[in-house]
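Okay, structure first, notes after.
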Amino acid sequence: MTTVQTTEQAADQGAGGSTFDSVNPATDEVVGTHPIHTETDVAAAVAQARTASAWWHQLGFAGRTDRLQRWKGVITRRAAQLAEVVHQETGKPHSDAMIEIILAIDHTAWVAKHARKVLGPQRRAAGLLMANQSATVEYQPLGVIGVIGPWNYPVFTPMGSIVYALAAGNAVVFKPSEYTPGVGRWLVDSFAEIVPEQPVFQLLTGYGVTGAALCRSGVDKLAFTGSAATGRKIMAACAENLTPVLIEAGGKDALLVDADADVEAAADAAVWGGMSNAGQTCVGVERVYVHEKVYDEFVAKTVAKARDVRAGYDAGAQIGPITMPAQLGIIRRHIEDALARGGKALVGGVDAVGERFVQPTVLVDVPEDSVAVKDETFGPTLTIAKVKDMDEAITLANNSRYGLGATVFAKRRGMELARRLRSGMTAVNSVISFAAIPTLPFGGVGDSGFGRIHGPDGLKEFTRAKAIARQRFRPPLALTTFARTAKTDARVAKLITVLHGKRK
Ligand code: NAD
């Protein structure tokens with residue numbers, strides 16, 4: 001018998017029935033029903049992936065590039081259809097769904113084109129002592145990669161692991177969020193049209209229990225994107241088999257505005273960076289630190305812009321619902337705490353938090369140790385604080401257990417301030433731009449996680465470096481033999497003194 005549960009009910013229990021519903025968070029309409037995969041299902045998928053990974057690897061870079069480029073073409077031609085699935089499962093506007101798909105397509109194009117150059121055999125200098133050797137390194141696939149994804153950017157975020165792992169020659173077993181299983185289904189089905197021979201890219205659906213089984217399944221690496229709290233559980237489960245992990249967790253990103261900044265552009269970036277996708281963005285702007293010289297102007301401009309943004313499900317709304325109902329309570333608590341501790345809401349406030357939607361909220365004078373400044377809010381809210389100089393801005397911005405992205409608006413000191421921010425990525429005079437540049441690594445420090453997706457670093461995450469030293473001719477000074485003579489030792493000592501013994 002098949003039992004059907006709502007997402008919330010089943011998530012509470014971990015897993016109960018054999019299927020679950022995917023529900024539109026704006027309307028409660030059921031938009032799909034998916035299996036809850038068990039530990040046995042997970043083991044079977046990983047076993048199949050192992051065979052598939054060997055087949056995929058032997059296609060070589062050229063064969064995989066061809067398939068990935070064809071898949072990219074399918075996603076591009078059917079982007080509107082995929083955006084509709086994203087729109088239904090997350091509630092975000094169709095046009096926002098299109099943007100994340102476009103970015104994922106661009107990453108796929110880059111990775112298909114550059115995998116060989118980044119990972120293929122490369123000559124290295126052997127050095128004077130080993131001048132008789134030819135040294136090469138190549139980056140070989142790990143085998144089977146487990147990918148566990150979130151719901152907030154259900155295409156862009158997991159694809160940052162999936163396409164990089166595939167391009168490197170691995171098979172992938174993907175467990176999307178229980179809120180966006182239909183998006184995962186779409187991605188896996190469209191890939192299978194282009195790669196019908198073997199299950200190189202498979203789907204598992206379900207809740208945390210299914211994800212935990214994937215962690216324990218013996219995959220060769222687990223790439224996780226989600227909250228820091230779940231990241232800890234993922235690491236603990238993976239530790240049982242010494243399975244390496246990549247953790248892309250949450251953030252509390254700061255935006256800094258210097259005295260010489262383009263204040264209009266900074267306010268625009270703060271409002272879009274903080275409110276787009278209803279604030280449900282890992283690299284969304286949550287805190288703003290503004291030089292006292294431009295504080296009043298920045299606040300006035302930000303307030304005016306935030307008042308023009310509206311959450312809803314109609315065509316005119318710029319932002320959609322809060323996808324995960326449990327988040328509404330967290331957003332409300334952050335705003336209540338900020339106001340109770342002396343903060344002021346210049347836009348929105350506690351009443352901005354409705355049953356499904358949260359209207360933009362701009363808070364000022366919020367104490368730095370309040371939850372609205374310390375914890376990830378994941379709603380369309382901003383806190384703005386005045387600083388006397390940019391040293392204070394850096395100190396406050398860096399005083400966070402998170403360190404994912406950051407933004408700086410400044411003319412003269414933009415690069416300097418960007419370097420001093422404790423974050424994996426920083427955008428200068430624009431916002432979140434780093435995520436759209438396929439060559440740049442993406443990942444965090446501290447509670448935001450570790451490891452990098454995107455770019456050459458992201459490709460290497462899903463490989464092991466293989467070093468090969470090939471002897472070209474017999475060495476004039478043979479070191480690795482018991483037949484080594486005292487004369488050889490003396491010559492080597494002399495050589496090393498000439499090479500490295502100088503005082504300066
Ligand atoms: P989440 O941690 O609740 O869930 C993420 C995934 O983990 C889901 O697929 C879930 O089913 C699975 N999961 C839950 N418990 C598990 C367990 N015990 N073992 C294995 N898997 C388990 O996160 P979410 O609410 O889906 O996503 C929002 C969070 O993701 C936010 O904190 C956001 O900042 C973060 N995020 C980070 C990035 C990044 O690149 N750093 C990108 C997007 C989202």
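Here the structure is a predicted model, which is why all the values come from computation and not from measurement. Indexing begins at 1, ligand by ligand and atom by atom, following the structure's order.
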- Query: If only atom types and distance count, is the side chain of Gln318 paired as donor or acceptor with the main-chain N or O of Arg310 below 3.5 Å?
  - Reply: yes
- Please list, chain by chain and in numerical order, all residues satisfying ring-ring contact (aromatic ring centres under 6.0 Å, His included) with Tyr313, sequence neighbours excluded. His87
- Message: Less than 4.0 angstrom from a charged side-chain N to a carboxylate O is my criterion; do Arg78 and Glu193 meet it?
- Response: yes
- Message: Does Glu39, at its CD atom, have more than 12 non-hydrogen atoms belonging to other residues, nucleotides or ligands within less than 6.0 Å?
- Response: no
- Task: Measure from NZ or CZ of Lys175 to the centre of the six-membered ring of Phe224 and say whether it is under 6.0 Å with the direction within 45° of the ring axis.
- Result: no
- Within the 4.0 Å heavy-atom cut-off around ligand 1, the contacting residues, ordered by chain and number, are Ile148, Gly149, Pro150, Trp151, Asn152, Thr157, Lys175, Pro176, Ser177, Glu178, Tyr207, Gly208, Gly211, Ala212, Phe224, Thr225, Gly226, Ser227, Thr230, Lys233, Ile234, Glu248, Ala249, Gly250, Cys282, Met324, Glu376, Phe378, Leu404, Phe442
- Query: Hey, is NZ on Lys374 packed in by over 12 heavy atoms from elsewhere, all under 6.0 Å?
  - Reply: no
